[in-house]
Amino acid sequence: MALDTKYQPEATENKWYAYWQEKGFFRSTVDPEREPYTVVIPPPNVTGVLHMGHMLNNTLQDVLVRKARMEGKNACWVPGTDHASIATEAKVVAMLKERGIEKSSLSREEFLHYAWEWKEKYGGIILEQLKKLGASCDWERTKFTMDEDLSGAVIDVFIDLYRKGKIYRGVRMVNWDPAGKTALSDDEVITKEVASHLYHIRYQLADSEEFLTIATTRPETIMADSAICVHPEDSRFQHLHGREVYIPLIKRRIPVITDSYVDMEFGTGCLKVTPAHDLNDYEIGLRHKLPVIDILAEDGRLNAQAEILVGEDRFVARKKIAKMLEAEGHLLQVEPYTSNVGHSERTDAVVEPRLSLQWFLKMDEITQPAFRNVMEDVIQLHPPKFKNMYRAWMENVRDWCISRQLWWGHRIPAYYLPNGEFVVAKTAEEALRIAEETYGQSFAPEDLRQDEDVLDTWFSSWLWPLSVFDTRVFGGEAPNEELKYYYPTNDLVTAPEILFFWVARMIMAGYEYTGEKPFRNVYLTGIVRDKQGRKMSKSLGNSPDPLALIRDYGADGVRTGMLFSSPAGNDLPFDEKLVEQGRNFANKIWNAFRLVKGWEVSETAEVQAPAAGSWFENRFQAALAEIEDHFEKFRISDALMTTYKLVWDDFCSWYLEMVKPPYQQPIDPVTYEQTVGFFERVLKLLHPFMPFITEELWHALRDREEGDALIVASWPKKETFDPAILQDAAQIFDVVTQIRNVRSAKGISPKEAFVLTVNTQQETRYTAYKAILMKLANLTDVQFGSEVEGAISFVVKADECFLPLGEQIDLEKERETIEKELAYTKGFLASVQKKLSNARFVAGAPEQVVANERQKQADAEAKIKALEESLQKLS
RNA sequence: GGGAUUUUAGCUCAGUUGGUUCAGAGCAUCUGCCUUACAAGCAGAGGGUCGGGGGUUCGAAUCCCUCAAAUCCCA
């Protein structure tokens, strides 16, 4: 059969993915006989499409899952999506707008109908894309955070925490969009520089004819002032401490307070404090127990609390107030000023900081086990540097605002009563019953009004590692078999950006509802960035299309490309060169297969390299030990690199070259069997990284029985290896490289064969590898001796090697080279001797270190001797 | 403003409790090869005073201080 010289991934990938699914290799069910290995996917946004971050993240998960599966564990990777209330609602609103429908014209039910329609249409796309990447998820377990049972769990948790007294209602300042009449998250606010004015306004002191002057950009809010604040150390205002002033126009008395928040350099050094309309002022208000006076309605007009200009828009009011202040002589100065003003991403209205009643979860107690168990490494973060960040956050954690002014999500199960109270219950009927019991009066169902808000998306995804297995445990039921078997999960792979939003909260929920951690290890990936260091995002348009990449480079190429340069916790500066390297690697493996597949086996064929097998056997074990160590420490990039070098350098460049028969000649059966066996073993190591090409070659290398697939083949067992063999071979390889080097430097063709003469203490080393040495360096013989006429010489470790090159030798140049090396080695020896002659070193350093230094000394001395001999022969 | 992390070859990163071969890898670069597995390749080579300065130590990329730069989180 004629095989293409290039690996063609596309057909292979579809074929094997279908095969794996058809055979049910991704499926996991409870099996107490086997050790479970569980991973829950960080649920991507249901309306999202695959981006580079998902590619990296899910490749890593798939590597871990596939390796565990090959190790014989019951590997269970649970896929799913989350409802992402803000993002999804924004998309649905945008879709409706395109159809000419305003959200405000719809009822809640109508809107949700459209939202579900959207979800049904687009919700599965991202999971389908993950299949192209090769993700070996148990698709039968696919979950969605708004599935009926998962939603029930969220509501149960809200009720439970409310009854435990951990959930309360409180005031919080939000970004308010007066045009959209909705609260915005910080991400939806765009800050722009706006040309405005700084108004200098004087306030009269209550007990004298004096005035003080403040500077503000928002004169229309003076009616909401609760105090005037000065810096406690500001010498200009010491006389004002403890006194009171009148707000101009409305003549309300407010105190002068001191707080170091005030910037003495800015404005006049006197700050008007308006707790209802500025976040910093709100905090000053809390510290000084100031009243909160809210003068703005939800549409941005002044309300009755303002006393004057009621019903005017805030910007109209600003101009009118300025005029009124001027008329009364209170406006001293208006200076131009540029300020940063938040605008609504969607309506472009100026965002108003606004106090609103929100639901909060108390964090003081629920964080305790989550904090302790990470600090004590019960749950390990990889890399551990994130522990510091985690601690900083957990030590300064604030109560969690869990309500959102949206419709898409889990509606808060609180029901308001006509008497101003509310009850929390799973259903309206239950709420009615509780209300009647609690207040001893009867209510009609329509008396109850359910809270309009939904819960923060994280309030459902924090349950994810539990709720994908068991949704009833939150209602107080005993854990089911699934939860008992699969939980705690093993590894979680996610981005550091959501270490607090998601990871920490999952840990809290895990301990709260099971008393047990949700996972053992958290692998934190980096962010995929472009060459300029910018985060890849759709809006910047700097992200390649992942599916196009897979099409162009193959899924295996893309997977390895992403992993080559992404140690845990480090950002990945993406470069198409990386996936090109991945593709080249797949091609290299493909061509190694072509070589082996092309061999004809013959009983009479000569064994090329008897020592090759035992060398590679040991080399493989050494690499395997290293790979296992890397995996254990979650150094996935390093595990890949070690595998890469084992395959490319050791297997292809050294081993296959050793055993390869001369052109068009057959290979002996023993070497062939051994080579196919090695090939199978390297395919196993490669499989987690490159599942498709390895499965393809697994089947192409031998005839397989039904169900003998690489995806479920056994991971190679770690065995001891002999470092002496590796050392011997390394010495031989060094000699080969030196000979090639001499050829390269002298412009001698690799086809010209030589006799190598070696002066060594370890002749057996050379006889054992004689065939290999001759083959790889193109020698006609290897002899031993200390002198060769007309030869060029070089020293490898302590061994002196001679190649007879006749007239091609430039004696003067050779001498120079050797003298240079000699001087260098003498310098090195001197530094070692200096160390050894230092009594404090010999006394203080560990025995092993001193022994090493002595070895270095001996090696250097031997080398100097060999070099000096060479030099002597030249003269 | 508070906190965290990072700074090692052109790029991306290793470098384990300070001590093996005088700092390693991959990619990129340079040189020579279309040597029938692979030019998506083969063979070989060059490249770093470990961000700057100071200190501790017999010995520092590694520990301490200081300065500088970058990134991230919280406000």
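Protein chains get the first letters and strands the later ones, always in sequence-line order, with residue 1 at the start of each.
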Same-atom distance ([atom1]) from [N] to [M], integer angstrom:
| N | M | atom1 | value |
| --- | --- | --- | --- |
| B:A39 | B:C33 | C1' | 10 Å |
| B:A61 | B:G18 | P | 13 Å |
| B:G15 | B:U62 | C1' | 9 Å |
| B:A9 | B:A45 | C1' | 15 Å |
| B:A69 | B:G52 | C1' | 11 Å |
| B:A28 | B:A43 | P | 15 Å |

Shortest side-chain distance from [X], nucleotide among [options]:
| X | options | result |
| --- | --- | --- |
| A:N584 | B:G41, B:U5, B:C38 | B:G41 |
| A:R529 | B:U71, B:G44, B:A37 | B:U71 |
| A:Q581 | B:C27, B:A37, B:A40 | B:C27 |
| A:F501 | B:G44, B:C42, B:C74 | B:C74 |
| A:S653 | B:C42, B:G44, B:A4 | B:C42 |
| A:K577 | B:A28, B:A37, B:U5 | B:A28 |
| A:R398 | B:C38, B:G26, B:A75 | B:A75 |
| A:R635 | B:A25, B:G15, B:A37 | B:G15 |

With heavy atoms under 4.0 Å as the rule, sort [X] into base, sugar-phosphate or nothing.
| X | value |
| --- | --- |
| A:A592 | base |
| A:Y663 | base |
| A:D571 | sugar-phosphate |
| A:K645 | sugar-phosphate |
| A:T737 | sugar-phosphate |
| A:Y553 | nothing |
| A:P750 | nothing |
| A:F500 | sugar-phosphate |

Modelled atom types, side-chain donor and acceptor of [X] and [Y], under 3.5 Å:
| X | Y | value |
| --- | --- | --- |
| A:T671 | A:D668 | yes |
| A:E576 | A:Y553 | yes |
| A:Y655 | A:T675 | yes |
| A:N778 | A:E752 | no |
| A:E395 | A:Y390 | no |
| A:H288 | A:D259 | yes |

| query | Starting at the 5' end of RNA chain B, which residue's closest nucleotide do you reach first, A:H630 or A:N396? | reply |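 Per heavy-atom nearest nucleotide, the more 5' residue is A:H630.
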| Relative to the 5' end of RNA chain B, which residue comes earlier, A:N388 or A:Q664, by the nucleotide with the nearest heavy atom? |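 Mapping each residue to its closest nucleotide by heavy atoms, the 5'-most match is A:N388.
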Going by purine N1 to pyrimidine N3 plus the second Watson-Crick contact, or the G-U wobble pair, all under 3.5 Å, which nucleotide sits opposite [N]?
| N | result |
| --- | --- |
| B:A60 | none |
| B:A9 | none |
| B:A23 | none |
| B:A43 | B:U31 |
| B:U71 | B:A4 |
| B:U36 | none |

| request: For the pair A:F593 and A:W590, name the ring-plane relationship: parallel under 30°, tilted 30 to 60°, perpendicular over 60°. | output: tilted
| task | If the plane angle is over 60° it's perpendicular, under 30° parallel, otherwise tilted; pick one for A:F689 and A:F631. | result |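 Judged by the thresholds at 30° and 60°, the geometry between A:F689 and A:F631 is parallel.
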| request: Decide yes or no, distance alone: a donor-acceptor N/O pair under 3.5 angstrom between the base of B:A43 and the side-chain of A:R740. | output: no
| Can you find a donor-acceptor pair, distance only, under 3.5 Å between A:E657 side chain and B:A37 base? | yes
OP1 or OP2 of [N] versus the side-chain N and O atoms of [X]: is any pair under 4.0 Å?
| X | N | answer |
| --- | --- | --- |
| A:Y644 | B:C27 | yes |
| A:K588 | B:A40 | no |
| A:W648 | B:A37 | no |
| A:K387 | B:U5 | no |
| A:N591 | B:G41 | no |

